[in-house]
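All remarks here apply to the structure that follows.
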Amino acid sequence: MSNSQNQKPAPHVALLPSSGMGHLTPFLRFAVSLAQHGVQITLITTHPTISLAESQTLSHFFSTFPHITPKQLNLLPLNNATCFNSEDPFYVKYEAIRLSSHLLKPLLSSLSPPLSALVTDMSLASTVIPVTQSLNLPNYILFTSSAQMLTLFVSFHATVGSKAPNNSDKTEDYFQTGLQSIPKSRIPPPLLSDTPNLLRTQIMENGKKMIQSDGILVNTFQTIEQDSLGALNDGKVVNGLPRVTAIGPFPPLGIERTQSVPWLDDQPDGSVLYVSFGSRTAMSREQIRELGDGLESSGCRFLWVVKEKKVDREDGGELGEVLGDGFMERVKERGLVVKNWVNQEEVMSHKAVGGFLSHCGWNSVSEAMWNGVPILAWPQHGDQKMNAFVVERIGMGLWAEAWEWGGGEVVVKGEEIAEKVGDIMGNELVKAKAKCVGEEARRAVGDGGGSKKGLMEVIEIWKKSF
Ligand code: UDP
Ligand code: UDP
């Protein structure tokens, strides 16, 4: 065979993220990693974006990576927008993208060179797969949460209405997904609600349709989620699922648009608890005050990102007023509180950070794993209890399981928070385990690692179909 025959052309792959930083960030990391392996990438972004963080990140991203081609999909307005008034604005945005999915057909078929595949966010699966099917274009799903969550996601539609299995623990109700039982307390409440809601409808539809995708890629790795990955690939969750491939954790891009936090440089190694609930979780003022009390009485150093509104553009309250009189002054020797976007990738890798009080959005968990930072898990909504379960099971964190989902009537008291903060910051066992997980995470995506192999296999398939 001559050299020219050996040299396959670079496949061209389009990526379609969903809305919110938790979905955009893994797509950006994935795009860069594919491009590094010689894949030509078109990144389709949907407009308008809901958060300021997304629009700023995108413009920064495209100027940093000019070899990744941007393509814009302008969303149709939602005709019946008022019927979504009680819904989470991010779920409404998923719906807007889903209802505009047919606009993808001319966009995808006009791309040159022709595509080898489209990689779609899981929250868009049921409306995008018919489009790629009509174009005979392979469709891969990037699942941006844990494999544990994926087991629920793909089986929920089939198990709804099934009876809780007999279990020795009579106090808890279980949900059966294939061979696995998940405590109902861990399942996002809207899925168990009798009231129709977007989360439930979309997970039912997306989970069902995903069986028709050509492959499911997950931002996780074998060492931490072998059981779930094995069950998914052995047909123990649902039959006929395409291959599920672990390709994570995606390494950070190191190109954040915001400044780092110089205050951290003055703190002793491993002494600071970083407190953040991600990009789209609002906390009630009452709960914020209790959290403040807890952090203050824990005696621990902390960096705390406060959010009162789900959408960053609407989050205008003054910190002093939000936290109450004198709080900032009282803690100024050992605590920094901010209300703006922080460069979390950098915070997590800072040597002063020794713990993370987190809602367990999967990107936050992945970033903690990458940097070997122990987690105190306080899940607030969505997939976060499923992820907290993984965190605790692998030993890199503690889960305050008795604390309720966020946004409800029950407010967790400051004393309880202070106690758990003490438990995590002084825990040498968890610290050692988190360090090991960090090493395993880097091994997984390094040469010879399982996730690297998984990624290379997928790229080979795309090369062949090119
Ligand atoms: N993030 C950040 N700065 C902030 C808040 C969030 O850099 O002030 C990043 C964080 O590092 C992560 C993403 O935003 O990559 C949030 O995703 P995650 O899955 O953790 O939670 P979500 O925001 O979707 O609930
Ligand atoms: N999800 C979905 N449709 C929805 C809402 C959520 O498919 O209308 C999926 C979402 O992609 C994620 C899970 O359900 O896997 C949890 O949702 P959430 O958006 O709360 O998680 P996050 O974006 O913070 O990771």
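In this chain, numbering begins with 1 at the start of the sequence shown. Both ligands and their constituent atoms are indexed starting at 1 by order of listing. Here the structure is a predicted model, which is why all the values come from computation and not from measurement.
Closest heavy-atom approach to atom 22 (P) of ligand 1 within the set Gln384, Met348, Met21, His359: this belongs to His359. Proximity annotation for atom 15 (O) of ligand 1: of Gln344, Arg29, Glu367, Glu367 comes nearest, heavy atoms only. For the residues Val365, Thr281, Asn363, the heavy atom positioned nearest atom 19 (O) of ligand 1 is part of Asn363.
In the vicinity of Val342, heavy-atom distances shorter than 4.0 Å reach the ligand 1 atoms 2 (C), 3 (N), 4 (C), 7 (O), 8 (O).
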Full working for salt bridge (Lys or Arg N to Asp or Glu O under 4.0 Å) between Glu95 and Arg98: CA-CA 5 Å; Glu95 194 62 13; Arg98 292 163 53 76; 3.4 Å; yes
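The distance criterion of under 3.5 Å between nitrogen or oxygen atoms is met by Ser279 with respect to ligand 1. By the 3.5 Å distance cut-off applied to N or O atoms, Ser364 is counted among the residues near ligand 1.
Residues satisfying the ring-ring contact (aromatic ring centres under 6.0 Å, His included) test with Phe27, not counting sequence neighbours, are none.
Rounding to the nearest 0.5 angstrom, the gap separating the CD atom in Glu367 from the CD1 atom in Ile375 is 10.0 Å.
Only the backbone of Trp362 comes within 4.0 Å of ligand 1, judged by heavy-atom distances.
Aromatic pair Phe175/Phe156: centroids less than 6.0 angstrom apart. Aromatic ring centroids of His23 and Tyr94 lie under 6.0 Å apart.
A salt bridge is absent between Arg280 and Glu54; no separation between the charged side-chain nitrogens and carboxylate oxygens falls under 4.0 Å.
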